[in-house]
2 protein chains.
Amino acid sequence: MTALHARISGELADRIRSGEWPPGQRIPFEHELTAQYGCARATASKAVQALADAGLVERRRRAGTFVASPRIQTAVLEIPELKTEVRRRGQVYDYQQLARRVRPVNPLDPDEASLARSGDVVELRCRHFANERPLAVEDRLIHLGVAPAAATADFTTVPPGAWLLAHVAWSEAEHRIAAAAADADVAAALEVPTGTACLVLKRWTWREGKGVTFVRQRFAGEAFELVARFAPRSFDQGGHEGRPTPGMRSK
Amino acid sequence: MTALHARISGELADRIRSGEWPPGQRIPFEHELTAQYGCARATASKAVQALADAGLVERRRRAGTFVASPRIQTAVLEIPELKTEVRRRGQVYDYQQLARRVRPVNPLDPDEASLARSGDVVELRCRHFANERPLAVEDRLIHLGVAPAAATADFTTVPPGAWLLAHVAWSEAEHRIAAAAADADVAAALEVPTGTACLVLKRWTWREGKGVTFVRQRFAGEAFELVARFAPRSFDQGGHEGRPTPGMRSK
DNA sequence: TGAGTTATTATGTCTAGACATAATAGGTGT
DNA sequence: ACACCTATTATGTCTAGACATAATAACTCA
């Protein structure tokens with residue numbers, strides 16, 4: 001049994017997605033929906049509010065509710081922890097720590113300065129493997145002022161991403177995605193020719209405004225893609241295909 | 001005046017984000033919140049449900065509501081229409097159509113086959129400029145079976161992305177992001193050396209399950225980044241910084 | 001002991017009201 | 001024309017209940 005409010009949302013969403021109600025079109029008032037579906041206003045309101053939360057409609061007091069204009073494509077990228085993701089894809093995951101040291105923050109590096117301007121960090125370089133083949137090279141900094149336990153953690157067996165997920169609570173993050181040519185070191189680690197185009201994923205993570213970790217992962221060439229499938233802003237009610245959105249995909 | 005349900009959501013979210021309530025911790029029952037805030041259960045329920053929608057907590061019947069484990073980083077990427085984005089950044093936008101033709105779909109190309117297996121498409125190649133410098137090369141297919149008006153549209157002055165936004169209603173899309181070396185043609189169009197690492201953004205757009213358009217945009221090297229800033233799954237209540245998330249950023 | 005039944009609990013859904021608020025339309029008077 | 005006031009309207013928020021449902025805990029009986 002689908003709930004009534006979900007049915008109303010779904011039927012409205014279908015008419016919007018089909019183009020029957022184009023952007024700018026007014027959709028029925030709440031009191032019209034209550035008459036149409038024989039429900040209380042709270043139920044109709046909940047249905048319409050769900051569409052508003054999804055960005056499908058805009059609500060204006062006194063005027064009504066209108067189909068929104070899809071100006072920007074907002075795609076929800078799920079950026080997974082690599083160990084989890086490789087296993088989810090049924091591949092053999094392996095991991096190797098290449099280097100580890102503790103040093104002060106270098107505030108002259110803009111990537112580092114965004115994390116913190118002072119204090120000590122653990123600096124790691126490691127490799128992730130999928131089915132015995134190098135998948136990514138990871139450079140990571142963990143700020144010891146925020147996560148002091150990282151100083152004694154053993155990153156030769158546990159990838160830092162997995163370790164942090166288990167040791168740090170909810171946080172904010174910023175991701176940047178770019179492309180860059182592999183330098184000699186990275187190319188060797190990925191077992192590709194120097195100069196190969198790499199996908200570069202950088203992520204800064206904060207907790208209560210203080211930088212916890214910075215990570216840069218480089219994936220070889222076109223062997224990897226970030227994937228984001230979405231309904232406008234993920235409104236997954238109306239019986240549309242519901243396959244889980246993979247964040248990454250090998251070719 | 002903030003609404004009471006928003007205040008409750010915010011106060012709960014703060015305790016979760018601060019780590020005071022770690023993942024797995026049970027948060028107060030709805031009936032405890034009604035007592036604590038002196039409100040009806042519907043109000044407490046709305047507050048907690050908002051956190052659940054944001055992915056911050058999980059609700060289990062009979063057991064209660066628990067702080068969720070942040071397994072995957074879900075980042076909301078806003079992938080803007082280029083003309084709008086360049087102007088938003090205060091730069092001069094320019095656009096040039098390089099080639100245009102109408103031809104049948106080639107079902108042997110996997111990118112095209114994902115769009116449609118038969119019918120005619122408009123094939124376009126064009127360039128986007130920001131401040132007189134090439135920003136991206138765009139290859140686009142528009143399926144004439146779904147958007148017949150594209151056959152007669154003038155894409156020498158209007159970029160196809162902007163045209164489609166104005167002519168096509170809400171739709172679903174899939175994005176893929178990868179890195180690739182620029183071939184000779186693309187390198188020339190971007191005015192960079194052949195082999196330069198490029199960020200490749202591919203997007204398929206469907207409407208009611210039928211492919212509308214496929215676009216591949218290539219950005220030169222590290223000149224461009226996709227940016228996604230987020231609270232866990234975008235719960236923006238509790239007085240955190242609210243700067244609009246830019247989807248792209250030039251260096 | 002173990003399997004099946006029953007009671008309990010917290011969330012999920014819904015109703016029929018109420019008052020608040022933002023925005024507009026219409027009228028009034030200068 | 002213009003500024004000002006006054007309904008009117010749809011959404012925003014909230015209450016005090018009600019019954020449904022899933023999951024578990026407690027109990028009963030073979």
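So you know, we letter chains A, B, ... as the sequences are listed, proteins then strands, and number each from 1.
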If you check every side-chain atom of [X], which of [options] has the closest atom?
X       : options                : value
A:Arg41 : C:dT11, D:dC14, D:dT13 : D:dT13
A:Cys39 : D:dT11, D:dA23, C:dT15 : C:dT15
B:His5  : D:dC14, C:dA10, C:dA22 : D:dC14
A:Arg62 : C:dG12, C:dA23, C:dT13 : C:dA23
A:Phe29 : D:dA10, C:dA16, C:dT13 : D:dA10
A:Ala40 : D:dA22, C:dA16, D:dC14 : C:dA16

Rounded to whole Å, please give me the gap between [atom1] in [X] and [atom2] in [N].
X       : N      : atom1 : atom2 : value
B:Glu58 : D:dA23 : CD    : P     : 13 Å
B:Phe66 : D:dT24 : CZ    : C1'   : 12 Å
B:His31 : D:dA16 : NE2   : C1'   : 17 Å
B:Arg61 : D:dC19 : CZ    : C1'   : 12 Å
A:Leu4  : D:dC19 : CG    : C1'   : 15 Å
B:Leu33 : D:dA16 : CG    : P     : 16 Å
A:Asp53 : D:dG12 : CG    : P     : 10 Å
A:Arg26 : D:dT11 : CZ    : C1'   : 13 Å

Please check: side-chain N/O of A:Gln25 versus main-chain N/O of A:Pro22, any donor-acceptor pairing under 3.5 Å?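 Side chain of A:Gln25 to backbone of A:Pro22: no pair is present.
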Check: A:Ala42 main-chain N/O paired with A:Ser45 side-chain donor or acceptor under 3.5 Å: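 Flag not set: sc A:Ser45 to bb A:Ala42 has no pair under 3.5 Å.
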Assuming nearest nucleotide by heavy-atom distance, tell me which of A:Arg60 and B:Arg60 is located more 5' along DNA chain C. B:Arg60
Check every strand shown and say whether A:Ala3 touches a base, only sugar-phosphate, or nothing at a heavy-atom separation below 4.0 Å. sugar-phosphate
Would you call the rings of A:Phe214 and A:Trp204 parallel, tilted or perpendicular, taking 30° and 60° as the class edges?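 Plane angle between 30° and 60°, so tilted.
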Between B:Gln49 and B:Arg59, is any side-chain donor less than 3.5 angstrom from a side-chain acceptor? yes
Counting just side-chain N and O atoms, does A:Thr65 come under 4.0 Å of either OP1 or OP2 of D:dT11?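 Answer is yes, contact under 4.0 Å.
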Closer than 4.0 Å, any side-chain N/O of B:Ser45 to the OP1 or OP2 of C:dT11? no
Check if the side chain of B:Arg59 and the base of C:dT11 share a donor-acceptor pair of N or O atoms closer than 3.5 Å. no
Within 45° of the ring axis of A:Tyr93 and under 6.0 Å from its six-membered ring centre, is that where the NZ or CZ of A:Arg89 lies? no
